[in-house]
Amino acid sequence: QVQLVESGGGLVQAGGSLRLSCAASGRTFSTYAMGWFRQAPGKEREFVTTISWNSGSSTYADSVKGRFTISRDNAKNTVYLQMNSLKPEDTAVYYCAAGRYSTIPGDYVNWGQGTQVTVSS
């Protein structure tokens, strides 16, 4: 298992950018697919993006495609989420997760505590 800690959230104006990081502890980080999910108040947790263990594959939700980019550095045990052209509807708590390459939250076995992203209009 891995322990995950997100950072990089904050308040940004619409159209701006943020880069989230998720640092993992444990030797098995490179064996996991890594995903980003988000949850807005009163809504269910939703899939944002995922990347395979070797960065060979990635998948994005339609709502973020072309604006967000996921990447990972297995040497640093870190996964990143670059978010550009942010919109108010991107406001949510963002979670990173380790597990299978999937869009389903239940396929991920380890979760971070989340980092708040707020986009003002």
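Rounding to the nearest 0.5 Å places CD1 of I70 at 7.5 Å from OG of S58. In this structure, S25 OG and N77 CG are separated by 8.0 Å, a value rounded to the nearest 0.5 Å. Separating the CD atom in Q116 from the CD atom in Q39 is a distance of 11.0 Å, to the nearest 0.5 Å. One distance of note links CD of E44 with CZ of R38; it measures 14.0 Å at 0.5 Å rounding. Note that SG of C22 is 10.0 Å distant from CZ of R72, once rounded to the nearest 0.5 Å.
Contact check for V5 versus Q3: no side-chain heavy atoms found under the 4.5 Å cut-off. A 4.5 Å side-chain heavy-atom check between L81 and T69 finds every atom pair outside the cut-off. When side chains are defined from C-beta on, V93 does not count as touching T115, because their heavy atoms never get closer than 4.5 Å. In this structure the side chain of K76 never reaches within 4.5 angstrom of the side chain of F29, judged on heavy atoms. Between Y101 and I51 there is no side-chain heavy-atom pair separated by less than 4.5 Å. Using a 4.5 Å heavy-atom cutoff, the side chains of L20 and V117 are in contact. You'll find the side chain of V12 stays beyond 4.5 Å of the side chain of T118, heavy atoms only. Within the 4.5 Å cutoff, the side chain of E6 has heavy atoms near those of the Q113 side chain.
No side-chain donor-acceptor contact under 3.5 Å links D73 and T78. Defined by atom type and a distance below 3.5 Å, a donor-acceptor pair is present between the side-chain atoms of S102 and D107.
V64 and Y80 sit in two unconnected hydrophobic clusters of ILVMFWY residues. Membership requires side-chain heavy atoms under 4.5 Å apart, directly or through other members. Follow the hydrophobic side-chain contacts under 4.5 Å out from V79 and you reach V109 in the same cluster. Both V119 and F68 sit in one connected hydrophobic cluster of ILVMFWY residues. Membership requires side-chain heavy atoms under 4.5 Å apart, directly or through other members. The hydrophobic cluster containing Y95 does not contain M83, counting ILVMFWY residues as joined when their side-chain heavy atoms lie under 4.5 angstrom apart, directly or transitively. Y108 and V2 fall into different hydrophobic clusters, where Ile, Leu, Val, Met, Phe, Trp and Tyr side chains are chained together by heavy-atom contacts under 4.5 Å.
A cation-pi arrangement is not found for R67 relative to Y60, the charged atom failing to lie both closer than 6.0 Å to the ring centre and inside a 45° cone about the ring normal.
Scanning all heavy atoms of the two residues, the minimum distance from A14 to S121 falls at CB-CA, 4.4 Å. When all heavy atoms are compared, the tightest approach of L4 to A97 is CD1-CA, 3.7 Å.
The pair D90-K87 does not count as a salt bridge, with every side-chain nitrogen at least 4.0 angstrom from each carboxylate oxygen.
Proximity of a side-chain donor or acceptor of T49 to a complementary backbone N or O of T59 within less than 3.5 Å is detected. In this structure, the side chain of T50 engages the main chain of M34 through a donor-acceptor pair within 3.5 Å.
Heavy atoms from other residues, nucleotides or ligands lying under 6.0 Å from NZ of K43 number 12 at most. Sparse packing is recorded around CZ of R100, with 12 or fewer heavy atoms of other residues, nucleotides or ligands lying under 6.0 Å away. Under a cut-off of 6.0 angstrom, the local environment of CH2 in W53 is sparse, with at most 12 non-hydrogen atoms contributed by other residues, nucleotides or ligands.
Taking the six-membered ring for Trp and the full ring otherwise, F47 and F37 have centroids separated by under 6.0 Å.
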Does the side-chain contact (heavy atoms from CB on, under 4.5 Å) test come out yes or no for S71 and Q82, once each step is laid out? CA-CA 8 Å; S71 62; Q82 178 67 44; over 6 Å; no
